[in-house]
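Have a look at the structure below before the remarks.
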Amino acid sequence: MTESKPTRDMLKAYDPQKVEAPLYQMWMDGGYFKPAPGEGREPFCIIMPPPNVTGELHLGHALTATIEDTLIRWHRMLGDPTLWLPGVDHAGIATQNVVEKQLAKEGVDRHDLGREQFEERVWQWVRQIRSRISTQHMRLGASADWGREVFTLDEGPQRAVRETFHRLYNDGLIYRGERIINWCPRCQTALSDLEVDHEETKGSLWYVRYPLLDGDGNVTDEYLVVATTRPETMVGDTAIAVNPADDRWRRIVGRTALLPVIERHVPVIADEAVETEFGTGAVKVTPGHDPTDFEIGKRHGLPEIVAMDKEARMNEHAGPLAGLDRFEARKVILADLERMGLLEKRVDHSLAVGHCSRCDTVVEPIISMQWFINMQPLAGPAIAAVRDGRIEIIPRRFERVYMHWMENIRDWCISRQLWWGHRIPVWYCGDCGGQIVAVEDPAECPKCSGKTLEQDPDVLDTWFSSGLWPFSTLGWPAATPDLRYWYPTAVLETGYDILFFWVARMIMLGLYDMGDVPFRHVYLHGLIRDAEGRKMTKSRGNVVDPLDLTEKYGTDAVRFTLATSGTPGNDFRLFDERLESSRNFANKLWNAARFVIQSMGDEAVGMPQEGRTVAERLDWPLEDRWIVSRSIRVAAEVNQLLGDFQINEAGRVLYDFVWSEYCDWYLEMAKVRLKDGDTSPLPILAYVLQKSLRLLHPIMPFVTEAIWQHLRGHVEGLEDALIIAAFPLGEEELDPAAEEDAGALMDVVRAIRNIRAERGVDPARFVEAYVSADGTRPVLESGRQIVEVLARVRPLRVISNAKDAPSTQVASAVLSHAQVIVPLAGLIDIDAERGKLTRQLHEAQGEVNRLQQKLANEQFRSKAPENVIAREEEKLAVARSRVEGLEGRLAELG
RNA sequence: GGGCGAUUAGCUCAGUUGGUUAGAGCGCAGCGUUGACAUCGCUGAGGUCGUAGGUUCAAAUCCUACAUCGCCCACCA
């Protein structure tokens with residue numbers, strides 16, 4: 001293709017707002033987000049957790065997008081066929097609530113509109129939000145294959161839902177029945193156990209007397225005291241229960257008590273579930289309004305009385321309480337009991353009250369006809385999949401959490417009395433009363449051919465369709481090539497807060513429908529908190545819009561911050577300072593590139609052709625060998641870290657390499673030659689720069705691509721776009737000798753700078769310096785110019801013996817491989833100098849002693865691995881030479 | 001009631017099979033603006049790795065207990 005000469009005038013500061021949108025467009029136009037075939041390489045697929053259509057994306061989504069995009073871009077650059085499949089979730093109850101709130105502002109409720117119109121109203125909302133969500137993802141740089149975006153209510157997923165329901169039903173795993181469920185009186189629907197948040201609440205425990213009856217049903221003087229936190233549910237009592245092993249109560253088991261207020265006769269029964277320690281050891285049994293009591297009731301065949309309506313108002317079974325709100329009813333019945341002399345006492349008691357996770361209303365346990373999935377048969381294979389490693393959860397500790405939940409799993413109430421969602425694919429025949437479960441809408445009753453069919457009005461829990469997501473998005477139940485190729489997917493990445501809601505169910509349903517796990521790795525990220533460590537919530541008003549951040553700091557800065565602020569599974573706080581530092585990093589990279597490009601002539605620079613082995617690099621200048629070796633090491637580390645999902649560490653390694661090594665040292669070293677008109681560092685500058693861009697691109701796609709496009713006209717052999725450029729693997733040969741030698745050289749520079757700073761030498765002034773360095777002498781000879789320029793030394797005298805340097809009016813430093821002596825007439829305080837050297841000598845001597853002891857230890861000698869011993873010996877040698885050097889310096893001082 | 005996480009520099013956090021003198025960012029102190037970057041550079045100060053035991057040649061890292069904070073799960077009504 002034709003190389004257009006890109007402009008060399010890069011802006012002085014990186015301006016994200018100028019480059020991001022055009023670059024994203026360029027990637028889209030290039031079709032780079034679509035999977036490319038990769039010969040013999042394993043496909044890499046991530047199904048994006050579908051954001052709810054309840055509103056804008058929040059920081060959690062930005063974190064998800066950053067982590068997933070990083071992995072996706074990395075694999076794409078590795079040459080793997082890579083698919084990131086985006087989607088959106090209809091989010092049944094949550095979305096319905098959002099739209100209902102809007103309606104409330106208009107003074108209407110959904111019943112005023114009717115089901116059809118209400119649904120249309122929700123669809124309007126969905127259309128609006130969906131495009132906003134995709135746009136936001138694009139602003140974050142998400143390289144998802146937008147052409148495949150799926151919505152949970154699309155035809156495909158709808159089909160998957162019906163198919164799965166049908167299969168589960170036929171296998172006897174879905175059933176309909178009257179069970180006690182969690183009812184939200186505000187949302188007016190059943191909830192699953194997971195949708196109930198338990199809040200520790202200070203409440204009361206009331207001790208109520210229940211008179212006992214004699215054999216003829218007459219009230220006696222005897223009574224029984226039961227403790228309850230919910231006196232209003234008394235009206236639904238159908239028994240009193242005590243523990244069968246409780247001697248205090250054994251004699252009254254079998255007798256009958258009189259339920260106060262209602263005056264119902266209830267039996268005293270014995271059941272193991274009753275704790276003898278609690279209250280008086282006797283409890284009221286209310287099967288209609290308490291899960292435990294429901295179980296007791298089943299065991300003893302007790303009547304079940306539901307004494308509340310859908311809004312949790314007391315109903316006709318509540319006697320004198322009928323028509324009262326449940327909390328009002330509590331007050332009334334307590335007053336009645338008090339008046340009747342049946343309220344013995346009240347004590348403080350704290351209890352966990354269930355609240356609707358969507359609207360925070362106190363949930364009412366209530367008996368209701370609902371659809372359930374029998375989970376135990378599904379949980380078994382899902383437990384096995386994690387246990388035998390077919391699925392790995394990162395971090396590993398969540399595997400235990402997962403196991404615990406799975407092993408104690410309870411049936412899942414999947415029906416919701418909502419209008420927004422997947423309608424339950426069950427029809428009831430008006431003629432024969434038959435129940436039809438079908439994938440396609442039935443035209444007539446298969447039993448009686450009746451035509452008056454009515455579909456179940458309820459919808460499914462929104463997580464039912466989410467549970468099918470890894471394969472419903474790929475075409476299941478159709479046997480599509482996509483499904484065959486991409487399933488099981490590689491990684492499922494999401495917050496740990498939806499491990500049970502979503503991850504666990506995908507695993508169970510994936511195994512059930514597909515016969516294979518839905519993904520190999522589950523990566524769980526932590527929650528983002530505000531700078532004070534608080535959870536971000538709308539009510540607290542501390543929610544941060546990720547797009548505000550990208551506007552302020554640039555997308556790459558936001559991504560880098562999110563990617564490096566925390567470790568898998570741990571919450572982290574978001575700080576402005578951190579974002580600033582990330583923004584500065586992007587700018588640093590930009591300016592380093594600007595310098596490199598400006599240093600180049602009109603001729604495109606070729607990068608070093610040789611260099612895979614150290615032998616090919618031996619005649620290069622030391623600093624070139626050093627930075628190239630470091631870049632190889634860093635590339636290898638980054639691949640390793642990304643493979644281990646340690647994105648934060650990978651980011652840190654790259655930050656340090658680019659800033660502290662490439663910019664702070666190599667660029668400055670290269671300038672020494674460049675200033676002399678020597679262009680020989682250019683190929684290395686270009687080589688390390690483009691390599692750094694490749695390595696950073698997955699985390700910081702915009703600034704790296706922007707630089708790449710500038711660089712392309714100046715450097716030969718760069719791919720058209722960084723997004724599809726090859727990722728460096730770091731497989732070339734390392735050059736440890738160069739790394740060590742360059743390290744020694746930098747130590748000398750640092751030591752001289754230190755001396756200058758401590759003595760207050762005028763920064764402009766050149767100083768004379770002596771370096772005695774036996775082993776590193778050739779290094780210093782060849783690096784003389786670097787030391788002279790970077791430490792402002794003139795001249796640098798490399799000597800073989802420290803004694804050959806002046807001994808008066810000098811400042812000195814003893815390094816592991818060299819001694820530095822800087823004559824500074826008039827600036828030296830001998831006492832201070834002596835004090836400093838003496839202190840260092842003490843430290844060094846201590847080090848020598850410690851190492852000597854360690855090495856003299858027979859246990860250590862015999863048990864520690866050889867390389868550890870060798871390293872300790874090397875350390876001892878270094879420490880000894882340092883001691884000698886320091887003693888020498890002190891002797892010179894006199 | 002069970003379980004999990006955190007506790008490392010002034011602040012926020014890294015530190016993944018136990019093995020240099022425990023690191024970074026920000027902040028702080030001193031110095032520095034003649035062409036990459038003040039969104040910068042140089043130099044530096046700052047930590048008995050929560051406490052107490054234990055295992056080990058060797059512990060921030062493994063084990064036990066405890067403390068503080070946070071979270072999850074749970075049918076003592």
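Chain letters run A, B, ... following the sequence lines, proteins first, then strands; residues in each count from 1. No hydrogens, no waters, no symmetry mates; every other heavy atom, side chains included, goes into these values.
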Report, one pair per line, the protein and nucleotides 53-56 of chain B atoms (nitrogen or oxygen only) whose separation is under 3.5 Å.
none

I'd like a list of close polar pairs between nucleotides 27-33 of chain B and the protein, N/O only, cut-off under 3.5 Å.
none

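With sequence neighbours left out, the ring pair (Phe, Tyr, Trp, His ring centres under 6.0 Å) criterion links A/F501 to A/W463. Residues satisfying the salt bridge (charged side-chain N to carboxylate O under 4.0 Å, His left out) test with A/D576, not counting sequence neighbours, are none. Applying the ring pair (Phe, Tyr, Trp, His ring centres under 6.0 Å) rule to A/F398 yields the partners A/Y496; only residues at least two apart in sequence or on another chain are considered. Partners of A/R540 under the salt bridge (charged side-chain N to carboxylate O under 4.0 Å, His left out) rule, at least two apart in sequence or in another chain, do not exist in this structure. The salt bridge (charged side-chain N to carboxylate O under 4.0 Å, His left out) check on A/R230 picks up A/E232, A/E364, with sequence neighbours excluded.
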Atom pairs and distances, donor-acceptor, side-chain atoms in residues 196-203 of chain A, under 3.5 Å, two or more places apart:
unit_1, atom_1, unit_2, atom_2, d
A/E200, OE2, A/S350, OG, 3.2
A/T201, OG1, A/E199, O, 2.9

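Near-neighbour residues of RNA chain B inside residues 663-674 of chain A, defined by a heavy atom below 4.0 Å, number-ordered: A/C663, A/D664, A/L667, A/E668, A/K671.
When the C1' atom is used for both B/rU12 and B/rC28, the distance is 15 Å, rounded to whole Å. Between B/rG10 and B/rG50, the distance separating the two P atoms is 14 Å to the nearest Å. The P atoms of B/rG19 and B/rA60 are separated by 9 Å, rounded to the nearest whole Å.
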statement: Protein heavy-atom contacts under 4.0 Å, written 5' to 3' over nucleotides 60-77 of chain B as B (base), S (sugar-phosphate only) or - (none), form the string -------------SBBBB
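Taking atom CD of A/E858 as the reference point, atom C1' of B/rC57 lies 10 Å away to the nearest angstrom.
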message: As a check on the pairing definition, encode RNA chain B in dot-bracket form, counting Watson-Crick and G-U wobble pairs whose two distances are under 3.5 Å, and using | for partners outside this strand.
response: (((((((..((((.....[...)))).(((((.......))))).....(((((..]....))))))))))))....
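A salt bridge (charged side-chain N to carboxylate O under 4.0 Å, His left out) check over residues 559-571 of chain A, counting only residues at least two apart or in different chains, returns the pairs A/D69-A/R559, A/R529-A/D571.
Nucleic acid contact class of A/R400 (heavy atoms, under 4.0 Å, all strands): sugar-phosphate only.
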